[in-house]
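Some notes on the structure that comes next.
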Amino acid sequence: MEQPALNTSMMELILDNGNMHRAWKQVKRNGGSPGVDGITIDQFPQLVRSRWPGIRHALLHGYYIPSPVLRVEIPKKSGGIRKLGIPTVLDRVIQQAIAQVLNPLFDPEFSDSSFGFRPGRSAHGAIHQVHSYVASGYRYAVDVDLEKFFDTVDHDILMHHVGRTLRDKPVLRLIGRYLRAGVMDKCGGVRVPTPIGTPQGGPLSPLLSNILLHQLDTELERRQLRFARYADDFVILTKSRAEGDTILREITAFLGKKLKLVVNQTKSTVAPIQKCSFLGFTFTAKKICWTQRAYQEFLRTVKQLTRRSWGVSMQYRLYRLKVYIQGWMNYYGISQFYRPVQSIDEWLRRRIRMCYWKQWRYPRTRVRKLLELGVPREYAVIAGSSSKAYWRLSKSYATNAGMSNAWLAQQGLVNIKQLWCKAQGYS
DNA sequence: GTCCGACTAAC
RNA sequence: AUUGUUAGUCGGAC
Ligand SMILES: Nc1ncnc2c1ncn2[C@H]1C[C@H](O)[C@@H](COP(=O)(O)OP(=O)(O)OP(=O)(O)O)O1
Ligand SMILES: [Mg+2]
């Protein structure tokens with residue numbers, strides 16, 4: 001069949017060998033688990049090679065039917081459960097290929113105040129924008145979160161807005177089929193239809209969610225409001241509580257009526273910025289601060305990593321502790337406020353010492369255990385002799401793991417009381 | 001700048 | 001077991 005020379009279809013761009021290869025690389029590097037067909041990433045290249053020409057033909061001629069997504073429930077960080085919808089490895093590759101073509105098409109249209117799921121944009125960007133509004137005198141925050149966001153996306157409304165900039169009918173039809181692919185339980189084995197929602201786990205879902213909530217962004221911009229949005233979580237800055245209350249009421253109505261989305265009444269608030277919590281941070285008039293909640297979670301996992309009953313070597317334990325602190329600080333390090341209650345540095349050192357305390361109390365058996373774990377003999381012996389010697393041991397391990405005083409300082413984990421005094425204007 | 005791996009965070 | 005997008009840090013091959 002001869003195509004008109006000048007315009008190649010969108011579907012051909014998606015199925016382009018280079019694009020498909022890039023999509024497969026991405027799915028492979030994610031290392032995710034299989035969907036309903038049970039085909040793993042390792043098995044996929046072999047199994048798909050013979051079937052690919054047929055699948056490609058089906059996609060080009062509009063008769064490809066995606067597999068339903070696998071329902072897996074995982075705990076949310078905030079408590080409660082998250083219902084994932086895991087597509088087949090094949091469908092993840094195809095959706096990824098679609099997303100790679102559609103992202104550059106839609107992204108330029110999106111709002112400057114939209115920060116979630118977008119290339120070149122981050123949670124930090126959203127935080128800095130909110131902070132700049134706070135600094136310029138907006139002291140009240142309307143914090144809104146949507147209920148079961150991905151699961152409640154209305155197909156018709158979404159497809160209408162997708163179709164306004166994507167004109168290609170075959171691709172639109174394929175996206176529609178992905179939305180209606182249905183879900184299957186692992187044990188049940190029966191397909192349940194999905195008349196609403198986009199799967200939490202589909203590579204295309206984040207982009208689709210942004211296309212839908214772009215309608216919200218334009219409404220907020222039309223009203224000339226100061227806001228930042230990250231996925232379904234957004235903050236609108238106002239100068240008074242009353243103003244915030246009416247905005248929350250009107251935006252709730254807008255979302256319900258125009259987009260058929262429900263705002264989470266319990267999670268959504270209007271409060272002075274010190275009480276608001278957005279992407280793990282809160283704000284004072286001058287500073288960005290990590291939330292109490294995020295900080296407590298940090299302490300909890302450090303406790304976990306330094307608990308005595310963990311059958312791994314000290315090196316590995318400290319390595320894990322180091323990378324965790326490094327990663328955590330990487331995100332939360334933009335906080336300009338350090339919690340005053342306790343020196344994290346001192347506390348950390350105490351936790352590290354705890355790892356060895358028990359070993360010191362039972363020298364004979366522990367020394368042997370230490371040797372088994374690959375600890376050099378001289379250190380193992382020192383560990384069994386005295387608490388003072390033990391200190392040398394833990395210090396040496398800590399420095400071997402890269403957690404020197406200088407490193408801790410670099411992480412912002414020393415002189416915390418001093419910094420706090422500065423923050424309060426006492427020094 | 002591309003690609004690979006480990007980890008952290010937000011949703 | 002746990003999917004996806006995005007950002008970041010570290011290490012490696014060009
Ligand atoms: N781990 C994840 N994997 C895939 N998608 C996710 C993940 N976390 C969040 N999302 C997507 C799907 C969610 O609908 C959307 C908003 O997240 P979130 O507000 O935490 O949950 P939710 O809106 O589905 O339920 P809730 O009613 O508790 O707010 O972001
Ligand atoms: Mg939500």
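The sequence lines fix the lettering, A, B, ..., with proteins before strands; numbering per chain opens at 1.
Using a 4.0 Å heavy-atom criterion, one finds that A:Phe115 contacts no nucleic acid atom at all. Residue contacts shown for A:Gln96 are limited to sugar-phosphate atoms, with no base heavy atom under 4.0 Å away. Using a 4.0 Å heavy-atom distance criterion, A:Ile74 is classed as a base contact. The residue A:Gly116 sits apart from the nucleic acid: no heavy atom pair falls under 4.0 Å. Among the heavy atoms of the strands lying under 4.0 Å from A:Gly202 are primed sugar atoms or P, OP1, OP2 only; no base atom is included. Nucleic acid contact for A:Tyr324: sugar-phosphate only, since backbone atoms but no base atoms lie under 4.0 Å from a heavy atom of the residue. Contact annotation for A:Gly125: no contact, since no heavy-atom pair falls under 4.0 Å across all strands. Using a 4.0 Å heavy-atom distance criterion, A:Ile86 is classed as a sugar-phosphate-only contact. The residue A:Tyr331 sits close only to the backbone: its heavy atoms come under 4.0 Å of sugar-phosphate atoms, none of a base. Looking at heavy-atom distances under 4.0 Å, A:Pro75 makes contact with a base. When heavy atoms are screened at a 4.0 angstrom cut-off, A:Asn210 is found touching no nucleic acid atom at all.
Nearest heavy-atom pair across A:Ile251 and A:Ile236 is CG1-CD1, 4.3 Å. Closest approach of A:Asn103 and A:Pro108 over heavy atoms only: O-CD, 4.3 Å. When all heavy atoms of A:Pro119 and A:Asp107 are compared, the pair lying nearest together is CD-OD1, 3.9 Å.
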Pair A:Arg223, A:Glu250 - check salt bridge (Lys or Arg N to Asp or Glu O under 4.0 Å), show working. CA-CA 11 Å; A:Arg223 295 178 175 224; A:Glu250 287 168 10; 2.6 Å; yes
Please walk me through it: do A:Leu179 and A:Thr198 pass side chain to side chain contact (heavy atoms under 4.5 Å, CB included)? CA-CA 6 Å; A:Leu179 294 172; A:Thr198 184; 3.7 Å; yes
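Listed candidates were B:dA10, C:U3, B:dC11. Nearest to the side chain of A:Phe117 is B:dC11. Distance from the side chain of A:Trp328 is smallest for B:dA9 among the nucleotides B:dA9, B:dC11, C:U2. Of all nucleotides listed (B:dA10, C:U2, B:dC11), C:U2 comes nearest to the side chain of A:Lys186.
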Given pairs defined as Watson-Crick or G-U wobble with both distances under 3.5 Å, what dot-bracket annotation applies to RNA chain C, with ( ) intrastrand, [ ] crossing, | other strand and . unpaired? ...|||||||||||
Check: protein-nucleotides 1-6 of chain B nitrogen or oxygen pairs below 3.5 Å:
from, atom 1, to, atom 2, distance (Å)
B:dC4, OP2, A:Arg29, NH1, 2.5

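The phosphate of C:G4 (OP1 or OP2) has no side-chain N or O of A:Ser205 nearer than 4.0 angstrom. At B:dC11, none of the side-chain N or O atoms of A:Lys77 fall inside 4.0 Å of OP1 or OP2 (strictly under the cut-off).
Distance check: A:Thr252 OG1 to A:Lys257 NZ gives 14.0 Å after rounding to the nearest 0.5 Å. Remark: A:Tyr140 OH to A:Lys239 NZ distance equals 13.0 Å, nearest 0.5 Å.
For the pair A:His124 and A:Pro203, nearest-nucleotide mapping onto RNA chain C gives the more 5' position to A:Pro203.
You'll find the ring centres of A:Phe278 and A:Phe234 outside the 6.0 Å limit.
Using a 3.5 Å distance cut-off with no hydrogens or angles, the side chains of A:Ser113 and A:Gln129 do pair a donor with an acceptor.
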